[in-house]
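All remarks here apply to the structure that follows.
Throughout, protein chains are lettered first and strands after them, A, B, ... in sequence-line order, and every chain is numbered starting at 1.
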Amino acid sequence: MPELPEVETVANGVHQRVHSQVIESVWLGSKPEPFKTRPAEMAEVLTGRRIERVYRVGKHIVFDLSGQGNEDGPQWIVHLGMTGRLLVSADSVPVPAHTHAILKLASGSELRFVDPRRFGRLAIHRRANNAEHSNGFQGSGREPLTISIEEFTELFRGRKTSIKAALLNQKLLHGVGNIYADESLFRAGIRPTRMAGRLNREQLGRLHNALQVILKHAIALGGSSVSDYVDADGVRGFFQLEHRVYLRGGEPCLVCGTPIRRTVLGGRGTHYCPACQK
DNA sequence: AATGAAACCTGACAGC
DNA sequence: TGCTGTCAGGTTTCAT
């Protein structure tokens, strides 16, 4: 479900609810494991740590955990995949189906990872021992909210793939997914099929601006709830009401009335206005 | 190195 | 009612 604005919303909500709390015990379930770190090791590392801070890196949610002695603490990394949720609930609230992890907190509440489709992933990240600079979990690509227009332009130089596929490539920009790729290309007036390396400076400037404006607007509205996305409190976002093309194939363009077209690009449903996007 | 298609899963919904 | 086909916020893997 989640792209940058949804992950940001969840991370902020979870931070407010669980920071400074101690993990008393850990339950990890399910057979085909959503765990990149072995369950026994993950439970061992998590138990007894204090959660210092929760934040977003790309589409990952990062938990900074307390260290022991003079060692820097490890990090717990959560990726929600398509349908993952992180919920903070009183232990009296029934555990939903497809719950794969439960962290019992000293306050009595529980942090639960729920994921029907099981595309989500959990992992422990250990900091390098004697690196001098930042050695915490790094994303795979550049951060779309803060990247400069020069660096943004440089990312696409020489790329022969479509601009849509390039926007979804997490090694270039991390955090952009299918909704915000389609919506930002519409706002920039660029057809998703255009070869990334052939876009000129002015077009990339429009795309850079559109992407940042849309991501910030979506964060302000709590993200997009297309089917079942909810934040840490179980509350839906509102940005789906602002979608101009995403999932609107066949419906009239809100600007010019031309039917929105749906195709497949980079293996993903892709929506655009054939009149507004050149 | 880069690109694209397939695979990984379950659930919701439309159409018959 | 129930079956079938399609689609869904993502990433990894494998073959070009």
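Atom CG of L168(A) and atom C1' of dT11(C) are 11 Å apart (whole Å). When the C1' atom of dT11(C) is taken as reference, atom CZ of R118(A) falls 16 Å away, rounded to whole Å. Atom NZ of K171(A) is separated from atom C1' of dA1(B) by 10 Å (rounded to the nearest Å). Rounded to an integer number of Å, the gap from CG of L173(A) to C1' of dG10(C) is 16 Å. For H174(A) and dT11(C), the NE2 to P distance is 11 Å, given to the nearest whole Å. Look at CG on L155(A): it is 18 Å from P on dA1(B), rounded to the nearest Å. Distance, L265(A) CG to dC7(C) P: 15 Å, rounded to whole Å. When rounded to the nearest whole Å, the span between NZ of K59(A) and P of dG10(C) equals 4 Å.
With respect to the salt-bridge test (charged N to carboxylate O, under 4.0 angstrom), the residues E151(A) and R142(A) qualify.
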For side-chain hydrogen bond (donor to acceptor under 3.5 Å, both in side chains), just list the numbers for N12(A) and Y55(A), CA-CA rounded to whole Å, side-chain angles, deciding distance to a tenth of an Å, and then say yes or no. CA-CA 6 Å; N12(A) 289 343; Y55(A) 54 100; over 6 Å; no
Would you sort out whether Y180(A) and F239(A) count as a ring-ring contact (aromatic ring centres under 6.0 Å, His included), showing the intermediate values? CA-CA 10 Å; Y180(A) 300 100; F239(A) 192 75; 5.7 Å; yes
From CA spacing to verdict: side-chain contact (heavy atoms from CB on, under 4.5 Å), D233(A), V88(A): CA-CA 7 Å; D233(A) 297 326; V88(A) 181; 5.8 Å; no
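Between atom CG of residue L211(A) and atom CG of residue L167(A) there is a gap of 6.5 Å, rounded to the nearest 0.5 Å. Taken from CG in L28(A) to CG in L103(A), the straight-line distance is 7.5 Å, to the nearest 0.5 Å.
Partners of R112(A) according to the salt bridge (charged side-chain N to carboxylate O under 4.0 Å, His left out) rule, which considers only residues two or more places apart in sequence or in another chain, are E110(A). Under the rule for a ring pair (Phe, Tyr, Trp, His ring centres under 6.0 Å), F186(A) has no partner lying at least two apart in sequence or in another chain. Not counting sequence neighbours, Y272(A) has no partner by the ring pair (Phe, Tyr, Trp, His ring centres under 6.0 Å) test. Take F156(A) and apply the ring pair (Phe, Tyr, Trp, His ring centres under 6.0 Å) test, not counting sequence neighbours, and it matches F152(A). Evaluation of the side-chain hydrogen bond (donor to acceptor under 3.5 Å, both in side chains) rule for R262(A) yields no partner, not counting sequence neighbours.
Comparing dC9(B) with dC14(C), their P atoms sit 14 Å apart, to the nearest whole Å.
Grouped with V93(A) in a hydrophobic cluster is no other residue, since no side-chain heavy-atom contact under 4.5 Å to another Ile, Leu, Val, Met, Phe, Trp or Tyr is found. Annotation for M195(A): hydrophobic cluster partners, listed by chain and number, are none (ILVMFWY side-chain heavy atoms under 4.5 Å, direct or chained).
Stem list for DNA chain B (at least 3 consecutive Watson-Crick or G-U pairs, distances under 3.5 Å): B:2-8 with C:10-16, B:10-16 with C:2-8.
Counting non-hydrogen atoms of other residues, nucleotides and ligands closer than 6.0 Å to CZ of R50(A) gives a total of 12 or fewer.
For R17(A) (side chain) and G13(A) (main-chain N/O), no donor-acceptor pair under 3.5 Å exists by modelled atom type.
Residues from residues 238-249 of chain A placing a heavy atom under 4.0 Å of any atom in DNA chain C, listed by number, are Y246(A), L247(A).
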Tabulate protein N/O versus nucleotide N/O from nucleotides 13-16 of chain C, keeping only pairs under 3.5 Å, one per line.
none

Every protein N/O within reach of nucleotides 2-8 of chain B N/O, cut-off under 3.5 Å:
{"unit_1": "dT3(B)", "atom_1": "OP1", "unit_2": "K160(A)", "atom_2": "N", "d": "2.8"}
{"unit_1": "dT3(B)", "atom_1": "OP1", "unit_2": "T161(A)", "atom_2": "N", "d": "3.3"}
{"unit_1": "dG4(B)", "atom_1": "OP2", "unit_2": "T161(A)", "atom_2": "OG1", "d": "2.6"}

So which protein N/O to nucleotides 11-16 of chain B N/O distances come out below 3.5 Å?
{"unit_1": "dG11(B)", "atom_1": "OP1", "unit_2": "H98(A)", "atom_2": "NE2", "d": "2.7"}

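The phosphate of dT11(C) (OP1 or OP2) has a side-chain N or O of Q170(A) nearer than 4.0 angstrom.
Between Y246(A) and H271(A), the angle of the ring planes goes over 60°, which puts this pair in the perpendicular group of the 30/60° scheme.
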